[in-house]
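Keep in mind that the numbers below use all heavy atoms, side chains included, and drop hydrogens, waters and symmetry copies.
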Amino acid sequence: MTCVVDEDDPFPVDDCLFAETFSQENLYSLVGHELRIRQVFGANLGVAAPVWEAALHLCRYFEEQRVELRGKRIIELGAGTGVVGILAARLGAAVTLTDLPLALPQLEANVSANMPSSGWPSLSPAVLPLSWGEDHMNFTSDWDLVLCADIIYLPQTYPLLVDTLTHLCKKGAVAYLSSKMRKEHGTPGFYEESLPSRFNVELVHRDDKQNINIYRASLRTDQ
């Protein structure tokens, strides 16, 4: 079966993203590591199923900018397939991958499939449910980095996400957010209004061809 995912619309009505369930495994070479990522397409997972290009951009940005991940305490929000967090764990970070409960089996399978033969250089990545604005207080604020890849597409979730990021970053964590800038879903407004209401926000990478931005954000000191 051939499936074409249109990144300009993460909610295609007639696309096979919401057809019968099937899986697809892809090999990604990132920062010198080969990751085997299984994507489970079907009505249940929806947008959590694919490896979105913004996630790959974030991985490449870390390599190009030589962002040090080894030894860092990292939490990823809306991890989906887990490609970003799994790469960070392969590079020596202590990683917690989070998403809604329905996405966790896919995450767990990809974590297991990508454990190095010599074992994880730090801790085995943790996989936990996190619903923004609801149970974020169950998580510590003791992080170095918070990673978000293509999770800005539902305007009704934006205040919940900002609340969650505020809690996770209140002890000094830096957030990296990589997004396809979908005007129809209000993505630019999140970075121009919602996030700056509590964070200092800096655009650190722009891909005009694919319309993908990467931002670095830190909690404002007056929060």
Side-chain angles (χ1 to χ4, degrees), residues 28 30-33 35 37 51-99 103 107 110-111 114 116 120-130 132-133 135-152 158 160-180 190-191 194-196 198-206 212-221 223:
Y28 297 91
L30 298 163
V31 199
H33 291 259
L35 303 184
I37 301 296
V51 173
W52 297 100
E53 191 62 34
L56 301 179
H57 267 61
L58 187 56
C59 293
R60 294 171 186 138
Y61 172 83
F62 290 149
E63 179 177 24
E64 292 166 2
Q65 299 300 315
R66 298 181 180 179
V67 177
E68 182 58 63
L69 301 180
R70 180 175 296 276
K72 302 296 186 182
R73 296 158 298 176
I74 294 176
I75 186 168
E76 183 179 2
L77 303 182
T81 62
V83 63
V84 178
I86 290 170
L87 176 64
R90 290 281 293 259
L91 293 171
V95 177
T96 296
L97 299 161
T98 71
D99 209 317
L107 270 173
N110 282 331
V111 167
N114 287 283
W120 296 100
S122 182
L123 301 173
S124 175
V127 176
L128 295 172
L130 198 168
W132 307 338
D135 53 10
H136 58 283
M137 298 301 291
N138 296 334
F139 289 77
T140 179
S141 301
D142 197 21
W143 307 99
D144 296 306
L145 299 175
V146 181
L147 307 182
C148 309
D150 224 351
I151 63 173
I152 315 300
Y158 295 172
L160 306 176
L161 176 55
V162 171
D163 285 346
T164 300
L165 286 169
T166 298
H167 171 70
L168 296 175
C169 294
K170 69 182 181 181
K171 291 187 179 179
V174 172
Y176 283 94
L177 304 97
S178 180
S179 288
K180 183 93 165 181
F190 175 82
Y191 290 107
S194 300
L195 195 59
R198 298 190 195 174
F199 285 78
N200 296 312
V201 182
E202 178 187 4
L203 175 64
V204 295
H205 174 80
R206 166 72 183 161
I212 291 173
N213 288 357
I214 297 177
Y215 296 87
R216 181 168 55 225
S218 56
L219 195 63
R220 292 203 331 240
T221 56
Q223 296 298 310

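- Between the side chains of R220 and N200, no donor-acceptor pair of N or O atoms lies under 3.5 Å.
- Nearest heavy-atom pair across P121 and A89 is CG-O, 3.4 Å.
- Looking at V111 and W120, their side chains come closer than 4.5 Å, going by heavy atoms from C-beta outward.
- With hydrogens and angles disregarded, a donor-acceptor distance shorter than 3.5 Å links the side chain of D144 to the backbone of R73.
- Rounding to the nearest 0.5 Å gives a distance of 8.5 Å between CG of L177 and CG of L58.
- Between L91 atom CG and S122 atom OG the span is 11.5 Å, to the nearest 0.5 Å.
- Rounding to the nearest 0.5 angstrom, the gap separating the CD atom in E53 from the CZ atom in R60 is 5.5 Å.
- To the nearest 0.5 Å, atom OG1 of residue T164 and atom NE2 of residue H136 are 5.0 Å apart.
- Atom CG of N213 sits about 9.5 Å away from atom NE2 of H57, to the nearest 0.5 Å.
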Applying side-chain contact (heavy atoms from CB on, under 4.5 Å) to Y158 and L160, what does each step give before you reach the verdict? CA-CA 5 Å; Y158 295 172; L160 306 176; over 6 Å; no
Output, in order, the C-alpha distance, side-chain angles, deciding distance and verdict of side-chain contact (heavy atoms from CB on, under 4.5 Å) for T166 and F199. CA-CA 8 Å; T166 298; F199 285 78; 3.6 Å; yes
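- Considering every non-hydrogen atom in both R216 and V174, the closest pair reads CG-CG1, 3.4 Å.
- The minimum heavy-atom distance linking S179 with D150 is given by the pair CA-OD1, 4.2 Å.
- In this structure the side chain of L145 reaches within 4.5 angstrom of the side chain of L69, judged on heavy atoms.
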Take L165 and C148, measure what side-chain contact (heavy atoms from CB on, under 4.5 Å) needs, and give me the verdict at the end. CA-CA 10 Å; L165 286 169; C148 309; 4.1 Å; yes
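- Checked options D99, L97, I151; the residue passing with E76 is L97 (criterion: side-chain contact (heavy atoms from CB on, under 4.5 Å)).
- The backbone N or O of G133 lies less than 3.5 Å from no partner atom in the side chain of D163, so there is not a single donor-acceptor pair.
- The shortest non-hydrogen separation linking F190 to P196 is O-CD, 3.7 Å.
- When atom types are taken as modelled, the side chain of R90 and the backbone of N114 share a donor-acceptor pair closer than 3.5 angstrom.
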Under the side-chain contact (heavy atoms from CB on, under 4.5 Å) rule, what do W143 and T96 come out as? Steps first, then yes or no, please. CA-CA 10 Å; W143 307 99; T96 296; 3.5 Å; yes
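- Taking the six-membered ring where the residue is Trp, Y61 and Y176 present tilted rings, their angle falling between 30° and 60°.
- Rounding to the nearest 0.5 Å places OG1 of T98 at 4.5 Å from CG of L77.
- Of all heavy-atom pairs spanning I86 and T81, the tightest one is CD1-O, 4.1 Å.
- For the pair S178 (side chain) and A54 (backbone), a donor-acceptor distance under 3.5 Å is present.
- Here the closest non-hydrogen pair linking V84 and A149 is CG2-CB, 4.2 Å.
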